[in-house]
Amino acid sequence: VQLQASGGGAVQAGDSLRLSCAASGRTFSMYAMGWFRQGPEKEREFVALITWSGGTTYYADSVKGRFTISRDNAKNTVYLQMGSLKPEDTAVYFCATATRFDTRPQNYDYWGQGTLVTVSS
């Protein structure tokens with residue numbers, strides 16, 4: 001599976017941004033797609049996930065109510081709509097696939113290259 005993340009950029013606090021992650025290859029093996037982020041001098045943390053078949057979603061408390069994850073199965077693409085962005089959302093955002101419902105990065109098999117989101121106050 002190959003993942004291509006895009007959509008990052010520099011925005012102001014309160015702005016919105018949409019990230020995309022396009023999957024190719026053996027996509028039938030994917031159960032869920034997750035978004036993670038890694039800020040400066042921080043560990044990689046879970047942001048949100050969505051299952052491919054049922055569309056079940058799950059969010060980290062830090063983004064609940066501000067971020068929305070969605071998918072387009074026909075395009076094998078997952079989106080992360082980010083709203084009310086805060087400076088603490090600044091990070092490199094990664095998409096990754098898992099074969100089960102899981103929030104732990106070590107249980108994700110394939111990773112995209114990451115896209116940088118910078119939020120200034």
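Residues take their numbers from the sequence shown, with the count starting at 1. No hydrogens, no waters, no symmetry mates; every other heavy atom, side chains included, goes into these values.
Listed for the Q113 side chain is a donor-acceptor partner under 3.5 Å among the backbone atoms of A5. With hydrogens and angles ignored, the 3.5 Å screen pairs a side-chain donor or acceptor of T51 with a backbone N or O of T56.
In the hydrophobic clustering of this structure, F46 does not group with I69; members are Ile, Leu, Val, Met, Phe, Trp, Tyr whose side-chain heavy atoms approach within less than 4.5 Å, directly or through other members. Side-chain heavy atoms closer than 4.5 Å link hydrophobic residues (I, L, V, M, F, W, Y) into clusters, and following such links, even through other members, never connects Y79 to I50. Linking Ile, Leu, Val, Met, Phe, Trp and Tyr whenever their side-chain heavy atoms come within less than 4.5 Å leaves F101 and M33 in two separate clusters. Transitive grouping of hydrophobic side chains (ILVMFWY, heavy atoms separated by less than 4.5 Å) brings V119 and W35 into a common cluster. The hydrophobic cluster containing Y58 does not contain L80, counting ILVMFWY residues as joined when their side-chain heavy atoms lie under 4.5 angstrom apart, directly or transitively.
Counting all heavy atoms, side chain and backbone alike, T77 lies closest to S20 at CG2-CB, 4.4 Å. Nearest approach of L116 to A91, heavy atoms of both residues: CD1-O, 3.6 Å. Minimum interatomic distance between P105 and R44 (heavy atoms only, all atoms of both residues): CG-O, 4.5 Å.
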Exercise. Evaluate side chain to side chain contact (heavy atoms under 4.5 Å, CB included) for F67 paired with L17, printing each intermediate quantity in order.
Key: CA-CA 10 Å; F67 291 11; L17 202 60; over 6 Å; no
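Heavy atoms of other residues, nucleotides or ligands lying less than 6.0 angstrom from CD of E41 number 12 at most.
A heavy-atom distance below 4.5 Å is found between the side chains of V117 and L19. For the pair L49/T103, a side-chain contact is recorded, criterion being any heavy-atom separation below 4.5 Å from C-beta on. Side-chain contact between E45 and R37: present, with at least one pair of heavy atoms (C-beta onward) separated by less than 4.5 Å. For the pair W52 and V78, the minimum side-chain heavy-atom distance is below 4.5 Å. Considering only heavy atoms from C-beta on, M82 stays 4.5 Å or farther from V11 through its side chain.
The salt bridge (Lys or Arg N to Asp or Glu O under 4.0 Å) test applied to K42 returns no partner, not counting sequence neighbours.
Note on ring orientation: taking the six-membered ring where Trp is involved, the planes of W111 and F36 are tilted (angle from 30° to 60°).
Between atom CG of residue L85 and atom CZ of residue R66 there is a gap of 6.5 Å, rounded to the nearest 0.5 Å.
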